[in-house]
2 protein chains.
Amino acid sequence: MVALFKFFKKFNTLSKEAEKAIAEISKEVTVKRNSDLQTIGHTCKTIYFLKKGVARIYYFKEDIDITESFSFENSIVVRFESLFTGRPSKKAIQVLEDSDFIAINSPELFKLYDKHPDIERLFRKIFEASLVETVNRVESIQFHTAEERYKVLIKEAPNVLKRVPLKYIASYLGITPVSLSRIRGQK
Amino acid sequence: MVALFKFFKKFNTLSKEAEKAIAEISKEVTVKRNSDLQTIGHTCKTIYFLKKGVARIYYFKEDIDITESFSFENSIVVRFESLFTGRPSKKAIQVLEDSDFIAINSPELFKLYDKHPDIERLFRKIFEASLVETVNRVESIQFHTAEERYKVLIKEAPNVLKRVPLKYIASYLGITPVSLSRIRGQK
DNA sequence: GAAAACACTTTACATATGATAAGAAATTAC
DNA sequence: GTAATTTCTTATCATATGTAAAGTGTTTTC
């Protein structure tokens, strides 16, 4: 739990009682590589914090596996469109290395908001940061070509290359593995 | 202001004092068609509510005007990546018809959060809904072709066609006006 | 440690998209 | 209401990307 509370501190400070309340509705989860942490069709009722490992969110478009996002150490992994609507997600969370998560029960968490305004504020700020990230992702998809985004990716997150198969990176960039191979091949 | 508070009610109920506090930091703004409500390089310190009219958020990629989003009546218009980071935005907000906005001063608004937890909760929920929308937009860009998205657009928002020039719709879909014309032409 | 499975690259070909330009249609301005 | 401007469509051509298939390399499994 230490890593989790350290992560929280970047957004908002919590009272001891608030930390305790969160700890009570959270548990550690270990997942084997290549297995699904959450499956397609499942309604998201858990906010995951990735302590160790790599995960991706993916879905199928006409039998083609498409990666929506990657997650690395010390970040939140959630399918927001399911968490905030209560509807089943068309996406799954898969683990690409043996990974450790802290799983926070979200209905329980939301109940804590009334008694602990500092928790509500914390998650408001976390999700505001997610909104900024997601808006920037829309921008990067519209603004830049797959090639430009590949170069940004290897520059800003070179570890991705080492930890994630290229076929997933390709679908994340919106291109085929063949196209990615061409981009990598030139020069 | 009536329309604004009616919009708020969809997310959270406010006390009379809270409504009054928001009214005090808000003002009505009228903008002539085709002019910019906020320019590129401006740091977003206003949350706009669009009462009447149409707006779009756009930016330039190598001198090409690209539309990031459209906004219609009874919705919030904000460049989140600037509002939440305090950094200047690379995007502008342009008005496509003579439009009426309610402009909420965001630094003042955020100050109200401590005294009015119902205001903090209101905007938490509004921005959570924005997060869901934005995640769905990422999905739609990756998931669907421009042609599929055009058909969804005319089905779900047929008024867009009547109120927005096709060239803006094309860039919103990530294609050229020529390509959009081909899609529209077939059949 | 050999066999099997998986991941990546390369090639050839077909197709869709973009760029450019020209013309038609619609809108705006006087 | 006519001219000017803007918007949209159509056509032609060049290019980039996808599909399919084959081959190479790497990792996994027993």
Side-chain angles (χ1 to χ4, degrees), chain A residues 31-36 53-56 58 60-67 70 94-99 140-151 153-154 158-187, chain B residues 31-36 53-56 58 60-67 70 94-99 140-151 153-154 158-187:
Chain A
V31 188
K32 280 270 169 232
R33 100 174 262 245
N34 285 340
S35 60
D36 278 358
V54 186
R56 69 181 185 114
Y58 72 97
F60 289 98
K61 175 188 166 63
E62 289 151 19
D63 295 342
I64 308 286
D65 174 326
I66 298 184
T67 299
F70 299 111
Q94 186 194 31
V95 151
L96 301 179
E97 298 174 357
D98 293 355
S99 300
S140 96
I141 298 177
Q142 277 207 320
F143 221 126
H144 299 287
T145 64
E147 180 169 348
E148 287 166 342
R149 291 192 291 128
Y150 174 72
K151 283 171 180 166
L153 188 69
I154 57 175
N159 54 320
V160 177
L161 265 288
K162 287 176 194 124
R163 301 174 76 181
V164 176
L166 288 173
K167 59 177 181 174
Y168 296 146
I169 295 176
S171 75
Y172 173 77
L173 295 173
I175 55 178
T176 59
V178 175
S179 264
L180 179 55
S181 206
R182 279 193 274 242
I183 289 170
R184 287 160 54 78
Q186 66 178 237
K187 196 188 67 98
Chain B
V31 189
K32 279 270 168 231
R33 102 172 262 247
N34 286 340
S35 62
D36 278 357
V54 185
R56 69 180 186 115
Y58 73 96
F60 289 98
K61 174 186 167 63
E62 288 149 22
D63 295 341
I64 308 284
D65 173 325
I66 297 185
T67 299
F70 299 111
Q94 186 195 31
V95 152
L96 302 180
E97 299 172 356
D98 292 358
S99 300
S140 95
I141 298 177
Q142 277 207 320
F143 221 129
H144 298 286
T145 63
E147 182 171 345
E148 289 166 340
R149 290 192 292 126
Y150 173 72
K151 283 171 181 166
L153 188 70
I154 55 173
N159 55 319
V160 177
L161 266 287
K162 288 177 193 123
R163 302 174 75 180
V164 177
L166 287 174
K167 59 176 182 175
Y168 296 146
I169 295 176
S171 74
Y172 173 77
L173 295 172
I175 56 179
T176 59
V178 175
S179 265
L180 178 56
S181 207
R182 278 194 274 244
I183 289 171
R184 287 160 53 80
Q186 67 179 235
K187 192 189 74 90

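From A/Ser179, atom OG reaches atom CD of A/Glu147 across 10.0 Å, with rounding to the nearest 0.5 Å. Rounded to the nearest 0.5 angstrom, A/Leu173 CG and A/Ile183 CD1 are separated by 7.0 Å.
In this structure, a donor-acceptor pair under 3.5 Å is present between the side chains of A/Tyr150 and A/Arg184.
Rounded to an integer number of Å, the gap from A/Arg184 CZ to C/dT10 C1' is 14 Å. As rounded to whole Å, 10 Å separates atom P of C/dA7 from atom CG of A/Asp65. The NZ atom of A/Lys167 sits 3 Å away from the P atom of C/dA7 (whole-angstrom rounding). Distance A/Leu166 CG to C/dT10 P: 12 Å, rounded to the nearest Å. Between the P atom of C/dT9 and the CD1 atom of A/Ile169 lies a distance of 10 Å, rounded to the nearest Å. Whole-Å rounding puts the B/Leu96 CG to C/dT28 C1' distance at 16 Å. What separates OH of B/Tyr150 from P of C/dT17 is a distance of 15 Å, to the nearest Å.
Using a 4.5 Å heavy-atom threshold, the side chains of B/Arg149 and B/Ile141 count as touching. Using a 4.5 Å heavy-atom threshold, the side chains of B/Ile66 and A/Phe143 count as separate.
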Nucleic acid footprint by protein, nucleotides 12-30 of chain D - heavy-atom cut-off 4.0 Å, B for base, S for sugar-phosphate alone: B----SBBB-------S--
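Remark: A/Arg56 qualifies as a cation-pi partner of A/Tyr168 under the 6.0 Å distance and 45° angle criteria applied to the six-membered ring.
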